[in-house]
Amino acid sequence: MAARWSSENVVVELRDAQATAMSVDCLGRHAVLSGRRFLYVVNLETPSEAPRKIGRPSKWDVGTVQWNPHKAESHVFAASSNQRVDLYTWRDGCGEVHASLQGHTRVISDLDWSWFEPEYLVTSSVDTYICIWDTRDTRKPTVALSAVAGASQVKWNKRNQYLLASSHDGDVRIWDKRKPNTAVEYVAAHLSKIHGLDWHPDNEYILATSSQDNSVRFWDYRQPRKYLNILSCQVPVWKARYTPFSNGLVTVMVPQLRRENSLLLWSALDLNSPVHAFVGHDDVVLEFQWRPQKEASKEYQMVTLSRDQTLRIWRLDPQLQKLCANDLVEDLIEGISLTTESEKSLPSQDPEPTIHSCGLPAEHLQDQAGALTSGGRHDSSALPQTLQQEFSLVNLQIRNVNVEMDAVNRSCVVSAVFGTNQVHLVVKFPSHYPNNAAPSFQFISPTTIPTAMRTKIQKILTDTSLQKVKRNQNCLEPCVRQLVSCLESYMTQEDGSAANPYVLSNPVTPALPAFPRVTNTYGSYQDANIPFPRTSGARFCGTGCLVYFTRPITMHRSVPPTEPTPRSLSALSAYHSGVLTPMKMRSESQSSLRLYSGSPTHTDKDHVSISSFYYKERKPPQSGLRRWSIHDCPKSRRFKTKREGADYGNRPVKLAGKVIIQEISCLLPVHKALGETYILNVNDIQDTCQKNAAAALVVGRRDVAKVWALASAATSLELSPDSDPDADAPWARHPFGRHLLETLLDHYSLMSDVQTLAMLCSVFRTQGCSQDYFSLYGQQRSSLFPSHHSRYPSYTSSSVSSGSCYSTSDSTTTTTWSIGRDPEHVPPLGESSPDDYRYANQMYTDPREREREQHDMNKRLLDPANTMQFDDFKKCYGEILHRWGLKDKRAEVLKFTSCPPEPHKGIEFGVYCCHCRSQVRGTQCAVCKRFTFQCAICHVAVRGSSNFCLSCGHGGHTSHMMEWFRTQDECPTGCGCHCLLQSTF
Amino acid sequence: MVSVINTVDTSHEDMIHDAQMDYYGTRLATCSSDRSVKIFDVKNGGQILVADLRGHEGPVWQVAWAHPMYGNILASCSYDRKVIIWKEENGTWDKMYEYTGHDSSVNSVCWGPYDFGLILACGSSDGAISLVTCSGDQQWDIKKISNAHTIGCNAVSWAPSVVPGSLIDQPSGQKPNFIKRFVSGGCDNLVKLWKEEDGQWKEDQKLEAHSDWVRDVGWAPSIGLPTSTIASCSQDGRVFIWTCDDPSGNTWTAKLLHKFNDVVWHVSWSVTGNILAVSGGDNKVTLWKESADGQWACISDVNKGQGAVSSIADGATNEQ
C-alpha cells in the first residue's frame, strides 16, 4: 500500500550507534545523534553518506543533545552527559568540544537553547536547580533557579525571551528569568510524571504537556487550575510537540511499553482522533525534529530516530498540513465529499518512496544489503502485511471482548459479552484498506441485542471507520472500542436518552480521576506551598529567658551544606520513595503512603517525616529503624570520631533535641533585682532617690546610680517652684531642669531601659507636681479618701470613679495619698460641671487664671505635653513587674499614671434632682443645671463621695454621714428610718 | 552572665518545631512532628511533664500561650489544618476549642494583647488568616481574611496594644481607642499589616523587600516610645527591621539587619524590644542589638545545641 509510506522518504540505519538522542540543526543540514562512544553527524542532504563521528570518551550516556537554533551559531551544539554539558563546534566535517558547563551536582535531565539570545542555554537537573548559562562565561550559570524538586524538562518560551517552563513530576512551573527566586506560576498539570513539555510556537501563554498519566494537556499558564484541552491516550505519552505549521501536534507514546505505531499527527482543533499515523518505525520513536521549510517548498520534513537505530525523514505535504487545520464539524458534515476528494487527490500526491540506507561501519555492507532487500520486500508486500501488521499490533485487551483475526481472509470476528447480551460482529477489510476504504460490519448470530441497536451501532462503526480510513489510518481498534462503549452505554442507559454518537466518537476516554487535593500526603508535591518546618528556633520568653531548640548534633542534613534549606515541605517528596528520581507512578506512592495512618511512631516503614531530610538511612527502611550514618558532611564525620564509638550507627537516633532555657537577663536593660529594691516614697523624694541610687550601684548600674543622684538634686526642696507666677522662673525652665530630664529620658529610650524611664517619670511626676499635681484632678482625689470604709452602700458619682485607675491591681496603698488640693484652685462653682472643668482649660476667661495655668505647666520638670508617653513607660514597666511577679511594685508604679478616667462601668444610682425632680444621673441636673443632691446634714450640694440610705433615700457627704452614724442610728432628716439597721442586708 | 538555667529533655519522638514559655516563665510548651504538644513545669530548674496533649493528626508547627488573666490557655496549630485551644482546668489540660476552618496546614498562631480579650490570629497555607475570638462562655467568633497572602501565609504577630503616637493627649478624656493591628508574612514575599476598622479587618500596609517567602514576622513589644518596630525574616536569608515613626503608621522604612547564608525561620524580640533573636536553617541562634547610632550588631552567638554561649556583649549594657 503505497499511500501508507507516502510521507516517509528516507531511512538511514545506524547500526551499533546506540544512539539515545538526536537533534537537527536550524538549517536542516545536519542531524547529530548521540551514541555511547561517538556522536554521529548525519548530513541530511546526503543521508546515504556515512555519518561523521566525533569521539566521546565518557562512561555516561548523552542525555540531551541540541543544536543552537540561531543561524549565526548553527555550528554549535550542546550535549549533556551526567552532570556536565559539553559544547561542540561542528566545522568542515570535524567536531570538537570547545567548552564545558559544569555546575550541576546531579544528572542533567534536559537542556534548551534560548530562542532569542544565541548565547543562552538553560539546563535542568535532578539536583533541583535550573541553570541559565551564558556560554561566553562557562564558569558558572548566570542564573540558578531553585525549584525544591528535580526537574525533568525545561523549555524556553518561544515568544517571550524571559519566560521558561520546567516540569517537576506532575507539576509545571513557569519562571521569569528576571525573578529567579520564585516561580511565576505553578501548574499542577498531571497526576504522574511529565515526560514532555512544549510551548506553543505562536502564543506565549500556551503550552502542551505530555505525561505518564496517558494524557496530553494544553494549558494557558495564566489559568493554572484548569487545562484548556486534553488529549486522552491509552498509553503514557512520551512527547507532544507543536508542529511548525499551525494547529498541528505530533505525539510519541512512551517507548518502553510496546511496539506500536506510536508516532501520530494530530490536529489541535480535533483531539478525538489523529490526523495521520507515521507508520514505518519498527521500534519506538526516541526523538523527532523538524527540518526548516526549504525555499519555495510548502512541505515540511520531520526527522525521527527510533530505538532500532534507524533515522527516518518524513515529508509532510500541504495536504496533511491542511488536515490539521481542518475543523471537526466541517469535517463531519462534509464527510462524504471530503472522502471523494481525498480519493482523488491522495494517490496523486504520494510520491514513490525512495529508500536510502547507509550503514555506519563500512564493514556492515552485507547487513545493509539485507536491510535494503527486506525493506524492498516490505514495500512490495505492503498491502497484505499492513493488515497483518495491524492485527499483530492492535491492543484489544478489553474486558469481555474477544477478537479472532484472520489476516489471510482479511476479516475478523469480534465477540463481546455484556451481562445477558452477546454481540458477534464480522469485520471484513477490503483489499485497499485502509487507504480510504472502510471495512464492512455485520452482526452474526448469536447476537442478542435488538435490531434498532444493531443498526445504530453499525452506523456508528461505519462512521468511525470512515473517519479513520479517510486519513489513511487503521480502524480496527477504534471500532472495537467504539463498539464496547456503545454497548456499555446501552447497558447502563437502556431506557435513557440515546447516546450521541459524536460524544462517543472518542475511542479512548478513560474516566480521569478527580484531582485528589483532599487526600494529601505529608510532604508530597501538593505541599509545595507549605513552608518547610522549622527544626531550630529561639524565642524570648518571660522577661529574662531565651528558650531555644536545635536539631540534635547527630542529625545533619542529607544534602550538601552548601545548599540552602528547601523552601517548601514538598521537598520531602524526594524521600517518599527513597530516591530522587520519581519514575515511579505517583499513584503508587500515594497508595502506600498515608499521612493519617497509624501511630506517630516510626514503625510504619513508609512514614515520611521532616527528620527524613536530615540524615540518610544507610539501608532501605525495611528495618523500620532510623539510623544515623556517616555521609559526606565533614562535620558529622568529626563528631563521629570524636564523640561516639563505632556502634553508634546501630543505635536509634534521637530525633528531638533538647530544649534549652537560658538566662539572658544580663543582656536586658531592666533588672529584676532593681525592680524589687526600687522604692517610690512620695513623702520623701530625696530619700527615695538616694536609696534607689544605692540599689542601682548594687546591681552594677553605675550610670543609673548617677541618674538617681541627679534626680535627688533636681528634686531638692530648694528648687521647688514658687506658686507665684511672678516670682523667679521655675527650675524646670533652667537648662538643668526639664531639659536635663528630657535628655536623660532620650538616652534611656535609646537603651530601651523602660525601668529607668518609668521610675524617673514616677519620681518627677510626684515632685514636679507636689502642689499642683492635683490641680486638675484634685477635687476628685480629695473626695476619694473617706470613701473606703463606709458601711453604707456607696453612691459613687462618676467623677469619683476616676480613682479606679489606681485599683487595677490589688493595691492597698491608696491611703498613702497625702497631698492636698491646692487651695487656690477652687473651681468656680455652678457655671461649669466638674467634667468640663477637668479638660477644658479654655474655660478660664480670666487672664490671671490662664497665666496661672501656664505657670503650672512651666513648673513641672516633666513636659506635660508628653504625659501620655510617660504613662506608657509606666504601663510597660508595670507589665514587666507583673511578669516578675512583683505585683505590689507594679501597683506603686501604676499609681503615677495619669490616664484619664475610664468611663464608669459599675452600678450607678439614678437620683431625682432635689430642685426640679427630674431624673438625673451624676451630680448635676441636666434640666436645671443645679447640683442634684443635698447633704442631709449640711444642706450643701454633694458633688463628691456620698452615702445614703437605700431604705429612706436620705444621705449626704460621706464624712458627715460617718460622723452622724458614729453616734446615731436614725436618719438625720428625722424621717424615722433606722438607716443602719435597714441597710444591713 | 548568660547562663543555661535549664535543659529540658522533651522525649518527643520526632523533631521539635516550637518551644515557648508562658507569661511568667514557669512553664514550657513544646510541639513536634510526633503530633503532640507537651507542657513542662520548669520552675526552679525542674522539668516535670505536666501534660502530653494529643489531638493533632499531623505535625504540630507552633504553640502560643494566652495572657494569664484568661487562665492557663495554650493554642497549637498543625499540618492537619486544625488549631486547637487547650485549657487547664483543675490541673488537667483539655481541649477548649478546635478550629477547623482552614483548608491547608496552619502555620502560625498568635494571641493578641490581653486588652483585646482572648483573640487568636491563625495564618494558613490556604492563604487565609483567621481571627478566632472568645466571645464569652465557650462561644467563639470567627473572622476570616481570605487570600491574605497568595500561595500561603506563614506567620502572624500582633502589634502591642500600647498605641505609639498616643503621646498626643486625647482631647475628650476618653480612653485612647486602641486599634487592633497585626502583621503577617507569606509566600508572596510580602509583609502585610492589618488593622480592624469598624469590626472589619483591612489591609493597612504592604511591605516589600524580601525576594523569597517570608518565614516569620515579629512586632516588637512597645516600651511606650512612639516608634513601631517589626522584624521579618525570609527564605532568602535576609532579616529586615521595619520602623515607623509616623503616628498615622503609614511610612515604614526597612533596614537590613543581616543576610544569612541559609533560610531564616524565626525572629523573636526581647521583652524590652531592643534585642532580636534570629534562628534559621543553619541550626544557629544569634542575638542582635541596635547600637546608639542605629546599627544592628550581633551581640551573641548561641552555639548549636550545646549551650555554649559566647556573649560578646556580656554586661556591656550595664556599663552605660
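The chains referred to below are lettered A, B, ... by the order of the sequence lines, with proteins before strands, and numbering in each begins at 1. FYI, side chains are in, hydrogens and waters are out, and symmetry mates aren't considered; it's all heavy atoms of this structure.
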If you tally heavy-atom pairs under 4.5 Å against chain A, which of [options] wins?
{"options": "B/Asp9, B/Asp103, B/Asp18, B/Thr10", "value": "B/Asp18"}
{"options": "B/Asn107, B/Thr26, B/Val267", "value": "B/Asn107"}
{"options": "B/Gly152, B/Gly25, B/Ser211, B/Ser105", "value": "B/Ser211"}
{"options": "B/Val278, B/Leu276, B/Asp212", "value": "B/Asp212"}
{"options": "B/Val42, B/Ile16, B/Val263", "value": "B/Ile16"}

Do the non-hydrogen side-chain atoms of [X] and [Y] ever get within less than 4.5 Å of each other?
{"X": "B/Asp216", "Y": "B/Val264", "value": "no"}
{"X": "B/Ser32", "Y": "B/Met15", "value": "no"}
{"X": "B/Val271", "Y": "A/Phe540", "value": "no"}
{"X": "B/Val4", "Y": "B/Thr7", "value": "yes"}

For this session: Against chain B, work out which of A/Arg534, A/Lys874, A/Lys179 has the most heavy-atom pairs shorter than 4.5 Å and name it.
Result: A/Arg534
Exercise. For the candidates A/Val547, A/Thr535, A/Ile880, A/Leu750, which exhibits the highest count of non-hydrogen atom pairs separated by less than 4.5 Å from chain B?
Worked result: A/Thr535
Exercise. With a 4.5 angstrom heavy-atom cut-off, which part of B/Phe260 approaches chain A: side chain, backbone, both or neither?
Worked result: neither
For this session: With ring pair (Phe, Tyr, Trp, His ring centres under 6.0 Å) as the test, would you mind laying out the steps for B/Tyr23 and A/His882 before giving the verdict?
Result: CA-CA 9 Å; B/Tyr23 184 81; A/His882 192 202; 5.4 Å; yes
For this session: Just jot down the ring pair (Phe, Tyr, Trp, His ring centres under 6.0 Å) partners of A/Phe870, sequence neighbours excluded, or say none.
Result: none
Seminar exercise, completed: Nearest heavy-atom approach of B/Met21 to B/Leu28 is CG-CD1, 3.8 Å
Problem set entry | Under 4.5 Å from a heavy atom of chain B, the part of A/Tyr877 involved | neither
Problem set entry | Proximity breakdown for A/Ser146 and chain B, heavy-atom pairs closer than 4.5 Å | neither
